[in-house]
Asker: 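I have a structure here, written as structure tokens, and I will follow up with some questions on it.
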Amino acid sequence: MIMSNCLRFLIICIFVGSFTVHAQVNGLIQASAIHGDNQLSWQQGGVGLYRFDSEHDGIVLSQGLIEFRQDLSTAWSAHGVLNAYQDPESTLGFSQAYVKYQPLSQSKYKWHVRVGGFYPLLSLENPDIGWISPYNYTNSAINSWVGEELRTFGLEATFKLPGRSYRSAHSFTFVGATFKGNDPAGTLLSWRGWAMHDRQTLFNESIKFAPIASLSTPQLRFQANQVLPFTEIDGRFGYYAGIHWDYLKKSQFRFYYYDNNGDPAVVNRSTGQYAWDTSFSSAAWLYKFNGQTRIIAQLMSGKTAMGRSRGIDNRFHSHFIMLSHKMDKHRFSLRYDYFEVTDVDDWLLDPNASQGEGITATWRYQLTSNWQLGIEGAAMNSQADNRAGMGIKTNLSQQQMMLNAQFRF
């Protein structure tokens with residue numbers, strides 16, 4: 001299975017490359033030997049918070065992606081990321097596709113505009129090709145959720161004041177965007193809770209979750225047992241704004257405020273999707289002690305609600321701190337995550353409270369310029385009130401081990 005998937009993806013790479021002769025094309029294939037626990041994963045409709053479980057582990061194609069840039073003129077360029085996954089079923093599609101306008105001749109300040117589907121740049125954990133992490137293979141709870149339920153389908157403008165242009169040690173970037181879609185954002189946090197993985201949702205994909213008991217009640221009879229995270233439901237525009245501060249490339253800080261401006265009273269009965277009113281603040285910080293050692297931390301807090309009378313009303317919070325050290329061809333990364341969802345509504349029929357914490361330790365070895373090997377171990381404890389309604393223990397302890405072989409081209 002893994003060989004056929006890798007071969008299929010290589011054929012796609014050659015096909016894409018043949019049509020983008022003058023484009024900048026990079027790609028990555030990652031095969032993993034996974035040992036999961038016996039808790040059925042959310043990927044398979046269970047309540048497990050890791051990507052794989054003991055019934056669906058073994059040797060898998062965990063990442064396959066092509067990232068390309070095609071210059072259309074001196075100012076315009078087209079960008080895209082094509083991903084291939086084999087879980088929960090074989091899937092090929094785009095996780096990002098947009099055009100960028102950046103004038104070639106600019107004064108002391110710089111600016112650009114992006115239009116299409118892309119990630120808001122609120123993360124300092126995922127700067128690598130195709131929005132993956134160069135540190136841990138399993139993302140933090142925060143950026144696992146960003147990869148699941150958040151994507152900007154709209155317009156983003158960025159204005160940068162480089163420090164060197166003003167003989168300053170400080171650089172600032174201001175970001176603003178408006179978008180549609182992302183109306184169901186908050187669905188997974190409320191009914192599944194936070195999770196930890198590296199599976200990005202592709203355009204037009206759906207994400208199933210466990211058969212929550214409350215979905216069989218009259219109050220929630222229109223909600224499907226899945227989320228279509230990038231759909232437009234209420235016709236409203238959402239927005240976000242952010243600021244980046246960079247001090248001598250030694251310390252980086254990013255703050256974002258995001259609001260999808262959802263109307264929680266609106267539901268699309270044909271797709272079983274509600275518009276959730278979801279907003280949050282995110283603060284991320286990276287500090288380099290030296291050329292080898294750095295610390296990365298991020299905090300996200302927000303709220304989400306759905307239903308005509310906001311029958312479901314939750315607060316959510318997560319933070320992580322990571323220490324990463326590079327030594328010759330080796331990189332060691334250790335991360336601690338905490339996450340929680342607080343149920344503040346009066347609907348006893350639909351308990352949404354959950355919380356947990358996890359530790360993730362990763363070793364990467366750069367064998368050659370193209371090949372990388374790695375080992376990762378992760379452990380997590382979590383609690384969710386709605387598991388009792390499915391006959392599952394509310395408290396779970398999970399573990400995951402993986403060996404990775406990664407090839408870049």
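Below, all heavy atoms of this structure are taken into account, side chains as well, without hydrogens, waters or symmetry copies.
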Asker: Do Ile207 and Leu188 have side chains that approach each other closer than 4.5 Å (heavy atoms only, starting at C-beta)?
Answerer: yes
Asker: Tell me whether the centres of the aromatic rings in Trp145 and Phe280 are closer together than 6.0 Å.
Answerer: yes
Asker: Hey, is Lys100 close enough to Glu156 for a salt bridge, meaning N to O under 4.0 Å?
Answerer: no
Asker: Strictly below 4.0 Å, N to O, side chains only: are Arg408 and Asp128 in salt-bridge contact?
Answerer: yes
Asker: Between Tyr247 and His170, what is the ring plane arrangement, given parallel below 30°, perpendicular above 60°, and tilted in between?
Answerer: tilted
Asker: Is the closest side-chain donor-acceptor distance between Ser32 and Asn404 under 3.5 Å?
Answerer: yes
Asker: Over 60° means perpendicular and under 30° means parallel, so classify the ring planes of Tyr256 and Tyr240, tilted if in between.
Answerer: tilted
Asker: Would the Trp131 and Tyr119 ring centres measure less than 6.0 Å apart?
Answerer: yes
Asker: Report yes or no: do Ser95 and Asn83 form a side-chain donor-acceptor pair below 3.5 Å?
Answerer: yes
Asker: Applying ring pair (Phe, Tyr, Trp, His ring centres under 6.0 Å) between Trp191 and each of Trp42, Trp276, Tyr274, report the one that passes.
Answerer: Trp276
Asker: Are the charged groups of Arg335 and Asp337 less than 4.0 angstrom apart, N to O?
Answerer: yes
Asker: Only one of Phe118, Tyr258, Phe237 forms a ring pair (Phe, Tyr, Trp, His ring centres under 6.0 Å) with Phe179, so which one is it?
Answerer: Tyr258
Asker: Can Tyr98 and Gln96 be counted as having a side-chain donor-acceptor contact under 3.5 angstrom?
Answerer: no
Asker: Taking the six-membered ring where the residue is Trp, are the ring centres of Phe153 and Phe230 under 6.0 Å apart?
Answerer: yes
Asker: Would you call Asp345 and Arg310 a salt bridge, taking side-chain N to carboxylate O under 4.0 Å as the test?
Answerer: no
Asker: If the plane angle is over 60° it's perpendicular, under 30° parallel, otherwise tilted; pick one for Phe332 and His330.
Answerer: parallel
Asker: Before accepting this row, confirm whether a basic side-chain N of the pair Arg315/Asp313 lies closer than 4.0 Å to the acidic partner's carboxylate O.
Answerer: yes
Asker: Using a distance-only test with no angle check, is there a side-chain donor-acceptor pair under 3.5 angstrom linking Tyr85 and Gln43?
Answerer: no
Asker: Determine whether the aromatic ring centres of Trp111 and Tyr101 lie less than 6.0 Å apart.
Answerer: yes
